[in-house]
Amino acid sequence: MSETTASRAVRDGEAVLGIELGSTRIKAVLIGPDQATIATGSHAWENRLVDGLWTYDLDDVVAGVRAAYAALAADVERRHGTPLTRLAACGVSAMMHGYLALDADGALLTPFRTWRNTHTDRAAATLSDALEVNIPLRWSVAHLYQAVLDEEEHLGRLAHLTTLAGLVHERLTGERVLGVGDASGMFPVLDGDWDAARLERTDALLAGSAVRGGLRPLLPRVLRAGEPAGHLTEDGARFLDPTGTLEPGAAVCPPEGDAGTGMVVTRSVEPGTGNVSAGTSIFAMVVLEGALAGRHHEIDLVTTPAGDPVAMVHCNNGASELEAWARLFHEVAAAVGAAADPGAVFDAVVRTALDGAPDGGGLLAYNYLSGEPVTGLEAGRPLVVRRPDSTLSLATFMRVQLSSAFATLRRGMDVLSETEGVRVERIFAHGGLFTTPGVAQRLLAAALDTPVSVADGATEGGAWGIALLAAYGVRERRDLDLTAWLAHVLGDEPTALEPDRADVAGFEAFMKSWSAALVVERTAVRAV
C-alpha cells in the first residue's frame with residue numbers, strides 16, 4: 001500500500017484494527033483495504049507466579065491494551081500525518097484456555113489462571129473419561145471442575161466464565177460472545193456450538209456442587225468467523241483510547257484465540273493443512289478431514305475460526321528458555337564493551353545454530369520452565385546436559401536449544417502420524433521464533449520431516465490474524481468463505497523450504513537421545 005493510499009484509508013475510516021494479548025507482548029496492528037500493515041504498536045508484559053499459580057493482573061490487561069493502542073495511534077500520526085479517529089472494523093485475540101471466573105456484576109472472583117497452570121490433573125482425567133474426549137489440563141472446564149473438587153469458596157458466586165479475548169471483547173462491545181475456535185478451548189464444541197450431549201454429562205458431574213443451574217448458562221454465546229459480534233461502543237472506544245480521539249461504531253468480529261489467528265495468518269484453515277506457532281508456548285494445528293480413531297492425551301480437539309475440526313498438539317514450553325540464553329549473551333557482550341541491541345544479539349546467536357552439530361554433538365537441553373502435559377511432567381526445570389567428550393560450542397549449543405524447543409512438539413505429531421495416520425504435505429509456520437530468516441524454519445522442517453513455509457506478515461502474529469478476521473466480517477465479497485477469501489486477498493502461497501536429509505538424520509539421533517534422557521528432567525523436577 002502506498003503511503004498516500006494508507007493515509008486515505010486512515011482518514012476515511014477504512015482501516016481495520018487487530019489487537020492480540022500474547023504471553024509476553026500485547027500487539028496492535030492496523031491494516032488497510034488491501035490487508036497490508038499501516039501501523040503497529042506493542043506493549044511488553046509478563047505473567048506472574050502468585051500463590052503457586054501463573055496469572056496476569058487484569059489491571060495490566062487494561063493498561064497494556066491502552067498502551068499498545070496508544071503506540072499504534074502515535075505510529076499512525078508519525079507515518080501518515082493524520083490522527084486515527086474511525087475504524088471500519090476491529091477485533092481482539094488472546095492466548096487461549098485458562099480460567100476467568102466472574103460474578104453477576106462482572107467482577108473477577110479469582111486471579112486469572114492461565115494456560116500455563118498444570119494443577120488440574122484430577123479434574124482433567126475425570127472429565128476426559130466422562131466425556132470420552134481428551135480434556136487438557138488448561139481448558140476452562142478442567143479449571144472449573146478442579147475448583148469444584150477443591151471446594152473453592154468462589155463457586156457459589158460464579159455467574160460467567162470466559163476467556164481473556166472474550167473479556168476484552170465484552171469491554172469493547174458489551175457482548176458476551178466467543179469465536180468458535182476460542183470457545184473450543186473452554187469446552188468441546190460440535191457443529192459450531194457447545195456440545196449439548198457433553199454438557200449434560202458435565203452437569204451430572206457438577207450436581208450437588210456449589211455451581212448451580214448447569215454449565216451452559218455460565219458460557220458465552222458461540223459465533224463463527226464472519227458472523228456479527230457487536231460494535232465498538234462509546235465505553236469501548238474510551239477503553240481503547242481514553243483521549244477521546246477514537247469514535248465508536250466500528251464492527252467488531254468474534255473474539256478468537258491465538259491458535260485461531262495463527263491458522264488465519266498461515267492460511268491453514270481448510271482440511272489437510274497445518275501450521276506451527278512458536279512463542280512462549282509452541283503448538284501445531286492440523287485441520288482434520290475426519291474424526292480421529294482414538295483419544296490421546298497429547299492431542300486436543302479444537303476448531304478453526306470457521307468451525308472445522310482441528311487436532312492440536314500444544315506444548316507449554318516454547319522459546320522462553322532460548323530467549324533467556326540470548327539475554328545472557330547480551331549481558332556478556334555488554335560486559336566486554338561490545339554492547340549491542342538485544343534483538344541483534346538474538347538474531348546473531350540464533351544464526352549460528354545452522355553450523356552446529358545436527359545430532360547435538362553429545363549435548364542435550366530441556367526447555368521446561370513449567371509443567372509439560374505432552375511428556376507427563378507436572379513441573380519444569382530448564383536443563384543443559386552434556387557428555388564429557390562433547391564439544392561445547394556456541395553453534396551446537398544454540399542448535400540444541402532450538403531442537404529442544406521442537407522435541408516435545410515432535411512427540412505429539414508422531415501420535416498423529418503414526419497412530420492416527422494423519423499427515424500434512426506442508427507446514428506453515430509463524431511467530432517470533434521465525435523472525436530470523438531460514439533458521440528455525442530449517443530446523444522445524446528437519447524435526448517434522450515436512451516442508452515448512454513462513455508467510456509474509458506471519459511474524460506480525462495474531463494481531464494481524466485477528467485484523468484479517470475483522471476485515472473478513474466486513475468483506476464486500478459475501479460469497480467467499482474464509483478459505484476462499486484468504487486466498488483471494490493474500491495471493492500466492494509462500495515457497496516451502498524442503499527438509500535437508502542430513503538435518504533430518506541429525507534430528508532423529510538427537511530425538512532418540514533426548515527421549516532417553518527425559519528421566520534426567522523428571523529427576524530434576526523431583527529433586528530441585
Side-chain angles (χ1 to χ4, degrees), residues 10 15-32 35 37-45 56 58-76 84 86-96 100 112 162-175 177-179 181-182 225 229-233 235-243 245-262 264-265 277 279 305 430-432 457 459-474:
V10 173
V16 174
L17 172 67
I19 295 176
E20 180 158 276
L21 294 92
S23 53
T24 61
R25 189 170 58 148
I26 301 173
K27 186 164 187 181
V29 170
L30 193 70
I31 64 174
Q35 282 67 58
T37 298
I38 292 175
T40 63
S42 66
H43 173 76
W45 70 337
Y56 293 85
L58 291 196
D59 288 340
D60 292 342
V61 172
V62 177
V65 169
R66 287 176 172 173
Y69 178 84
L72 176 134
D75 194 35
V76 169
L84 182 58
R86 288 185 296 137
L87 297 166
C90 63
V92 61
S93 174
M95 62 193 95
M96 293 176 67
L100 272 166
F112 170 35
T162 190
T163 66
L164 184 55
L167 184 74
V168 177
H169 180 92
E170 187 171 352
R171 294 292 297 269
L172 298 180
T173 65
E175 300 287 341
V177 300
L178 274 189
D182 203 13
H231 288 81
L232 185 65
T233 64
D235 287 343
R238 296 295 73 77
F239 174 81
L240 280 180
D241 178 22
T243 72
T245 304
L246 180 63
E247 299 173 7
V252 186
C253 69
E256 266 299 347
D258 50 358
T261 56
V264 170
V265 299
S277 172
H430 75 107
T459 53
E460 294 285 358
W464 189 52
I466 194 65
L468 289 173
L469 285 172
Y472 176 68
V474 294

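One-based numbering along the sequence shown.
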Ile466 side chain near Cys253 side chain, heavy-atom distance below 4.5 Å: yes
Are any non-hydrogen side-chain atoms of Val16 and Leu468 less than 4.5 angstrom apart? no
Worked check of side-chain contact (heavy atoms from CB on, under 4.5 Å) between Val61 and Leu21: CA-CA 8 Å; Val61 172; Leu21 294 92; 3.8 Å; yes
Separation between [atom1] of [X] and [atom2] of [Y], rounded to the nearest 0.5 Å:
X      : Y      : atom1 : atom2 : answer
Asp241 : Leu84  : CG    : CG    : 8.0 Å
Leu58  : Arg171 : CG    : CZ    : 9.0 Å
Phe112 : Met95  : CZ    : CE    : 6.0 Å
Tyr69  : Leu246 : OH    : CG    : 4.0 Å
Cys90  : His231 : SG    : NE2   : 10.0 Å

Would you mind telling me which of Thr163, Asp182, Leu164 makes a side-chain contact (heavy atoms from CB on, under 4.5 Å) with Met96? Asp182
Ile19: which of Val168, Ile26, Val29 passes side-chain contact (heavy atoms from CB on, under 4.5 Å): Ile26
Would you kindly say whether Thr233 and Asp235 are connected by a side-chain donor-acceptor distance under 3.5 Å? no
Side chains of Glu20 and Thr261: donor-acceptor distance under 3.5 Å anywhere? yes
Could you walk me through whether Trp45 and Ser23 pass the side-chain contact (heavy atoms from CB on, under 4.5 Å) test, one step at a time? CA-CA 8 Å; Trp45 70 337; Ser23 53; over 6 Å; no
Residues passing the side-chain hydrogen bond (donor to acceptor under 3.5 Å, both in side chains) test with Glu175, sequence neighbours excluded, are none
Using the salt bridge (Lys or Arg N to Asp or Glu O under 4.0 Å) criterion, which residues pair with Asp60? Sequence neighbours excluded. Arg48
